[in-house]
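Have a look at the structure below, then the notes.
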Amino acid sequence: MGVVLEVKNLTKVYSSHKGLSRAKTLRAVDNISFEVHEGEVVGFIGPNGAGKSTTIKMITGLAKPTSGEIKICGYSVDKNHVEAMKYVGGVIETPDMYGDISGENNLKYLVTLHPRETMVDINDPALSLLTKKEIDKKRVEDVLRMVGLWERRTDLVRRYSLGMKQRLGIAQALLSKPKLLVLDEPANGLDPAGIIYIRTLLRKLAEVYKMGILVSSHQLSELQLMCTRVLVISNGKITAEKNMDELAQDETGAHIITLVTDRPQESAEFLQTKFGLHPQIEGSQIKLNTSIDTGTITKELVLAGFNVLGVNIEKVRLEDLFMNATKEAR
Amino acid sequence: MFKQLYLGELKKLFSLKTAIIMLVLFLAGYAIVGFSMNAVSELSITNLGSEVEEGSAELSNVIRVSESEAQIHLGVNRTLLENAEKEKKELGFKYYTSFLSHSDSIYYYKSQIAIYEYIIENELYDTDIVYYDSTLFALNFLSGQNAGGYAIVMLGVFSFLLTIYALIIGSGAYANEMKNGTLKIVLMNPITRNQLTLAKLLAILTLISAAFLIVCATIVSISYGLYNDAEGKFVYVFNALKAFRAGPGFAVFVGILDVYLSVIMYGIMSFFFGTLTKKRIWGFVIPYGFSLTATLAGLVGIARFWPTNVTSVSGFFGVSGNALPGGNFFLSLPLLIFYLGGMIAGTFFIFNQRDVA
């Protein structure tokens with residue numbers, strides 16, 4: 001798998017002067033290194049102020065690194081800016097667009113800034129016969145359809161909802177068929193259907209178009225469904241780098257288990273005495289938050305003479321609930 | 001690619017609403033000023049006793065001398081120049097700080113000498129010689145009703161509208177995109193920051209020049225449509241050095257150049273300060289502040305270096321003390337280039353170094 005993004009010893013120091021006092025320096029990003037390969041969706045997580053946005057801004061050339069190097073498809077963002085920028089698309093912080101023109105016109109303007117060669121797909125020889133203008137037009141239509149904004153393309157951007165702006169932002173990032181897609185909180189402002197749509201889109205972009213995608217987000221459950229790998233950044237340093245499966249296991253080791261037994265009240269009391277847990281009873285269900293594995297719990301319950309009618313390791317899937325609830329309306 | 005970038009910037013900076021408002025202000029203002037100017041000039045003609053006819057050269061900046069008178073004038077002015085130079089030596093730096101005579105008397109006597117030398121050299125005795133003075137030339141419209149004077153007065157009146165338009169365009173070019181966050185999506189494209197700055201700069205200059213052309217063409221065509229050129233032998237003195245002859249149209253040309261340079265200066269200044277402070281309001285206020293503080297600069301003797309003063313090239317083509325104390329064309333021009341070049345280079349530099357978003 002080819003490397004689309006290579007970050008090496010990246011450091012960003014902010015210094016702030018206050019009056020005549022000595023300048024205070026803040027190491028927002030401290031000597032971090034990582035890679036993103038093609039076809040990979042990498043989650044970039046960390047608390048507020050950890051340096052996520054700063055790193056993303058440096059990758060997209062919006063902020064200047066204090067030291068270190070960033071290469072996109074082998075081109076240095078600093079030294080070979082124009083080449084590097086041909087292969088990257090992104091939405092940084094907020095999906096800001098020109099509000100006084102339509103979504104379509106925003107894209108029509110931005111697409112002209114890309115050279116023809118990055119727009120033409122080698123796998124699509126039919127495209128190579130078209131003029132730049134025709135390619136641009138087709139591309140704008142493609143991305144608008146891709147993010148589901150085609151019907152609303154003529155509306156002014158300032159009349160768009162946040163979710164629509166987010167979609168337009170992603171459409172903008174996809175204009176040049178980038179090899180690296182950098183997204184900062186792409187699910188912000190999207191309704192659950194939109195979140196699923198974007199998640200499916202991103203996975204498809206990674207799988208089918210072999211894009212390398214770097215997503216920063218606070219919505220861990222969302223990232224869990226989307227990413228193949230996560231990077232955890234804290235205080236400007238990368239503190240963990242894990243594949244998704246690993247992350248699911250060691251999230252402090254705890255998970256929520258729902259049990260259905262024939263005698264909920266009694267089995268709850270049994271679990272409390274046996275394992276020292278604090279089960280909650282909801283109707284016929286018992287909810288547990290524990291790191292003890294389900295096998296041990298069911299075995300002990302059965303040995304104690306309870307009938308275990310159902311066991312479920314719960315994953316919070318609010319979208320499923322929403323999808324079911326809104327199925328009829330749709 | 002760059003063409004697309006430039007066209008994009010042009011579209012972004014051009015606001016139809018602003019353009020229409022400015023155009024309406026211009027036309028309405030023109031109607032009001034035009035009518036009242038006509039009334040004032042009619043009135044002054046009536047008071048002067050109806051001897052003045054349209055286009056006649058009954059102008060206050062006219063010299064008519066005999067050979068002996070010319071020699072006397074030359075001698076007197078040379079003496080005055082000597083005295084003034086002596087005074088300057090005594091005053092030292094204070095010479096430049098004279099607030100009340102916000103003009104250079106040495107410059108004035110030198111230009112007087114140049115014009116009498118020209119008369120003697122060309123034996124232009126007992127003929128009306130109209131000498132150019134930016135202020136008098138305009139004022140003469142009131143008594144003489146000539147196309148050039150009318151055009152210069154109107155240009156002076158409406159240069160402030162052009163200045164405001166230049167400030168509107170220049171101040172927002174960077175600051176607005178910074179505020180709206182749209183700079184991010186533009187910079188994430190395969191372009192360099194210098195290309196973007198250049199595109200913005202060219203777009204600013206294009207829009208300001210277009211507005212200037214519209215205003216100028218309207219004023220000049222109306223003035224030449226309404227009135228005839230002033231008659232007479234027109235003489236100009238360049239930089240208090242040498243007199244030369246040119247038609248009254250040259251005065252209009254110099255007036256136009258003066259306004260154009262000033263408008264360009266405001267446009268680039270507002271672009272620079274808007275970029276430097278990231279706030280549109282400062283891109284508007286600081287350049288305006290420079291023009292408001294020009295008098296204060298005169299008080300401390302640095303008026304001739306003041307950014308908003310170095311654009312007044314018309315002062316260097318007249319027989320007048322309009323030039324600022326110590327000022328001359330060969331000081332103003334490099335300063336003008338220095339300021340414009342410095343601010344343009346500064347904008348490129350700042351834009352290039354800054355973290356966006």
Side-chain angles (χ1 to χ4, degrees), chain A residues 12 14 28 53-54 56-66 72 75 77 80-101 105-118 132-133 136 157-158 165 168-169 172-173 175-176 178 182 184, chain B residues 1-21 168-169 172-200 202-203 207 275-278 280 348-357:
Chain A
K12 175 77 178 176
Y14 286 111
S53 284
T54 309
I56 282 178
K57 280 176 205 160
M58 286 191 282
I59 291 168
T60 46
L62 299 178
K64 309 257 168 178
T66 309
I72 296 171
Y75 297 104
V77 171
N80 213 336
H81 186 77
V82 173
E83 277 303 312
M85 285 298 124
K86 281 181 187 170
Y87 303 101
V88 63
V91 183
I92 311 302
E93 283 181 338
T94 44
D96 299 307
M97 292 279 181
Y98 299 97
D100 292 333
I101 54 176
N105 283 340
N106 264 288
L107 298 184
K108 274 184 177 169
Y109 159 59
L110 291 167
V111 79
T112 59
L113 302 179
H114 291 283
R116 192 170 193 281
E117 69 256 27
T118 55
K132 174 73 166 59
K133 223 174 184 175
D136 286 355
V157 169
R158 67 180 142 87
K165 281 183 187 161
L168 186 63
Q172 166 271 130
L175 277 175
S176 66
V182 183
D184 205 356
Chain B
M1 283 296 282
F2 182 75
K3 190 182 145 205
Q4 305 297 340
L5 198 59
Y6 164 71
L7 291 175
E9 288 306 317
L10 210 54
K11 270 187 206 161
K12 277 187 237 167
L13 287 177
F14 178 74
S15 145
L16 192 65
K17 211 157 89 186
T18 316
I20 288 172
I21 290 171
I168 290 173
I169 298 288
Y174 177 90
N176 266 10
E177 288 219 66
M178 190 82 189
K179 187 180 157 221
N180 300 337
T182 47
L183 202 57
K184 295 182 294 193
I185 55 163
V186 180
L187 284 177
M188 258 189 282
N189 288 302
I191 52 160
T192 62
R193 294 193 182 193
N194 284 344
Q195 283 173 336
L196 186 64
T197 315
L198 185 63
K200 279 184 188 297
L202 290 182
L207 285 180
T275 308
L276 183 71
T277 60
K278 301 184 201 172
R280 185 175 197 174
F348 272 93
F349 181 77
I350 296 162
F351 202 75
N352 224 341
Q353 294 303 312
R354 183 166 284 163
D355 287 349
V356 175

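We use all heavy atoms of the structure for the numbers below, so side chains are in, but hydrogens, waters and symmetry mates are not. Just so it is clear: chains get the letters A, B, ... in the order the sequence lines come, proteins before strands, and each one is counted from 1.
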Subject >> Residue A:Lys108 versus chain B: region with a heavy atom under 4.5 Å >> reply: neither
Original post:
What part of A:Tyr109 lies closer than 4.5 angstrom to a heavy atom of chain B: side chain, backbone, both or neither?
Top reply: side chain
**OP:** State, to 0.1 Å, how close B:Arg193 and A:Gly61 come at their nearest heavy-atom pair, and which atoms those are.
**Re:** NH2-O, 3.0 Å
Original post:
Is the count of non-hydrogen atoms from other residues, nucleotides or ligands lying under 6.0 Å from B:Phe349 atom CZ greater than 12?
Top reply: no
Original post:
Could you give the distance from CG (A:Leu113) to CG (B:Leu187), rounded to the nearest 0.5 Å?
Top reply: 10.5 Å
**OP:** May I ask you to name which of A:His114, A:Lys86, A:Met58, A:Arg116 has the most heavy-atom pairs under 4.5 Å with chain B?
**Re:** A:His114
Subject >> Pairwise side-chain contact, B:Pro190 with A:Glu83, heavy-atom cut-off 4.5 Å (strictly under) >> reply: no
Subject >> Contact origin within A:His81 toward chain B - heavy atom pairs under 4.5 Å >> reply: side chain
Original post:
With a 4.5 angstrom heavy-atom cut-off, which part of B:Lys12 approaches chain A: side chain, backbone, both or neither?
Top reply: side chain
Subject >> Euclidean distance, B:Asn180 CG relative to A:Asp100 CG, rounded to 0.5 Å >> reply: 8.5 Å
Original post:
From A:Thr112 OG1 over to B:Asn189 CG, what is the distance, rounded to the nearest 0.5 angstrom?
Top reply: 8.5 Å
Subject >> Contact class of B:Asn352 relative to chain A, heavy atoms under 4.5 angstrom >> reply: both
**OP:** Identify the two heavy atoms, one from B:Asp355 and one from A:Ala63, that lie closest to each other, and give their separation to 0.1 Å.
**Re:** OD1-CA, 3.3 Å
Original post:
Closest approach of B:Lys184 and A:Asp96, non-hydrogen atoms and distance?
Top reply: NZ-OD2, 3.1 Å
Original post:
Side chain, backbone, both or neither: which part of B:Glu177 has a non-hydrogen atom closer than 4.5 Å to chain A?
Top reply: side chain
Original post:
Which atom pair, heavy atoms only, marks the closest approach of B:Met188 to A:Gly90?
Top reply: CE-O, 3.5 Å
Subject >> Closest non-hydrogen atom pair between A:Val82 and B:Ile191, with its separation >> reply: CG2-C, 4.1 Å
**OP:** Please look at B:Arg354 and chain A and tell me whether the side chain, the backbone, both or neither of the residue comes under 4.5 angstrom of a heavy atom of that chain.
**Re:** backbone
**OP:** Please look at A:Ser176 and chain B and tell me whether the side chain, the backbone, both or neither of the residue comes under 4.5 angstrom of a heavy atom of that chain.
**Re:** neither
